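Reading through the structure tokens given below for one structure.
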Amino acid sequence: MTHVVTEACINCKYTDCVDVCPVDAFREGKNMLVIDPDECIDCAVCIPECPVAAIFPEEDVPKDQRKYIPINADLARKWPVIARTHAALPDADDWAKVEEKAQLLDERSVKDPD
């Protein structure tokens with residue numbers, strides 16, 4: 001099994017989870033993080049670190065968030081590894097309270113030009 005980053009991460013991109021990951025399984029996009037299912041060792045140390053409760057074990061992903069299982073797998077192949085914590089997006093605290101943000105997912109890598 002693996003862990004999955006879900007919609008709550010969009011436009012927040014808190015990186016508290018990154019520092020605790022023992023295998024550098026996180027990948028970074030413009031406005032979200034994902035977990036590489038091929039790297040994740042299912043240790044679950046990232047779950048309590050996420051301030052917006054965006055990370056779930058694959059088998060516990062809420063029904064309305066299951067589309068993020070293949071999204072994590074797909075984007076993890078395209079996005080670079082993030083191994084160190086850095087500042088969240090500037091208005092992350094405002095976006096943390098917003099639900100239904102799927103349409104805002106930016107599939108570009110953090111390294112892609114704006």
Side-chain angles (χ1 to χ4, degrees):
M1 282 291 137
T2 186
H3 284 73
V4 178
V5 180
T6 59
E7 185 174 37
C9 186
I10 296 172
N11 279 355
C12 294
K13 204 168 82 168
Y14 294 103
T15 59
D16 307 60
C17 53
V18 172
D19 269 342
V20 299
C21 183
V23 295
D24 296 337
F26 284 88
R27 306 294 183 259
E28 185 178 18
K30 291 283 187 187
N31 70 344
M32 181 180 180
L33 302 176
V34 296
I35 295 174
D36 184 335
D38 295 330
E39 295 295 325
C40 181
I41 59 171
D42 202 28
C43 67
V45 296
C46 57
I47 293 173
E49 298 302 317
C50 181
V52 293
I55 305 171
F56 295 88
E58 183 176 358
E59 64 272 13
D60 295 336
V61 173
K63 189 174 183 177
D64 68 330
Q65 298 291 302
R66 289 189 186 147
K67 66 182 172 188
Y68 289 94
I69 297 170
I71 287 172
N72 273 243
D74 179 53
L75 294 177
R77 289 190 295 271
K78 301 173 185 174
W79 290 354
V81 170
I82 176 174
R84 297 286 177 259
T85 298
H86 58 70
L89 294 175
D91 51 356
D93 291 339
D94 295 329
W95 282 105
K97 301 170 186 99
V98 176
E99 296 181 9
E100 299 184 24
K101 303 184 280 186
Q103 73 282 4
L104 301 174
L105 174 59
D106 187 337
E107 294 192 15
R108 294 177 298 158
S109 163
V110 71
K111 293 184 176 186
D112 290 345
D114 286 327

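As the structure is a computational prediction, the values presented were derived from the model and not from experiment.
- Residue pairs that meet the side chain to side chain donor-acceptor pair (under 3.5 Å) test with at least one member in residues 41-53, sequence neighbours left out, are His3-Asp42.
- Tyr14 places a side-chain heavy atom less than 4.5 Å from the side chain of Asp93.
- Both Val61 and Val34 are assigned to one and the same hydrophobic cluster, defined by single-linkage of ILVMFWY side chains at heavy-atom distances under 4.5 Å.
- Using a 4.5 Å cut-off on side-chain heavy atoms (C-beta onward), Arg27 and Val81 make contact.
- The list of side chain to side chain donor-acceptor pair (under 3.5 Å) pairs with a residue in residues 99-112, not counting sequence neighbours, reads Asp106-Arg108.
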The test is side chain to side chain contact (heavy atoms under 4.5 Å, CB included); show your working for Phe26 and Thr15 and say whether it passes.
CA-CA 9 Å; Phe26 284 88; Thr15 59; over 6 Å; no
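- Contact detail for Cys17 and Val20: the closest heavy-atom pair is O-CG2, 3.2 Å.
- In the hydrophobic clustering of ILVMFWY residues, with side-chain heavy atoms under 4.5 Å counting as a link, Ile82 and Ile71 come out together.
- Looking at Lys67 and Glu7, no side-chain N of the basic residue comes within less than 4.0 Å of a carboxylate O on the acidic one, giving no salt bridge.
- When all heavy atoms are compared, the tightest approach of Ile10 to Leu105 is CD1-CB, 3.9 Å.
- Shown here for Val18 and Arg84, the closest heavy-atom pair between the two residues is CG1-N, 3.4 Å.
- Side-chain contact between Val23 and Cys43: absent, with no pair of heavy atoms (C-beta onward) separated by less than 4.5 Å.
- Judged by distance alone, with hydrogens and angles left aside, the side-chain atoms of Lys13 form a donor-acceptor pair with the main-chain N or O of Gly29 at under 3.5 Å.
- For Cys46 against Ile55, the heavy-atom pair with the smallest separation is SG-CG2, 3.7 Å.
- The CG atom of Asp91 lies 7.0 Å from the CH2 atom of Trp95; values are rounded to the nearest 0.5 Å.
- In this structure, Asp24 and Ala83 approach most closely via the heavy-atom pair OD1-CB, 3.6 Å.
- Proximity of a side-chain donor or acceptor of Asn72 to a complementary backbone N or O of Ile35 within less than 3.5 Å is detected.
- Taken together through direct or relayed side-chain contacts under 4.5 Å among Ile, Leu, Val, Met, Phe, Trp and Tyr, Leu104 and Val5 form part of one hydrophobic cluster.
- The CG atom of Leu89 sits 12.0 Å away from atom CE of Met32, with the distance rounded to the nearest 0.5 Å.
- The minimum heavy-atom distance between Cys9 and Leu33, with the atom names listed, is SG-N, 3.4 Å.
- In this structure, the separation between CD1 on Ile69 and OG1 on Thr2 is 9.5 Å, given to the nearest 0.5 Å.
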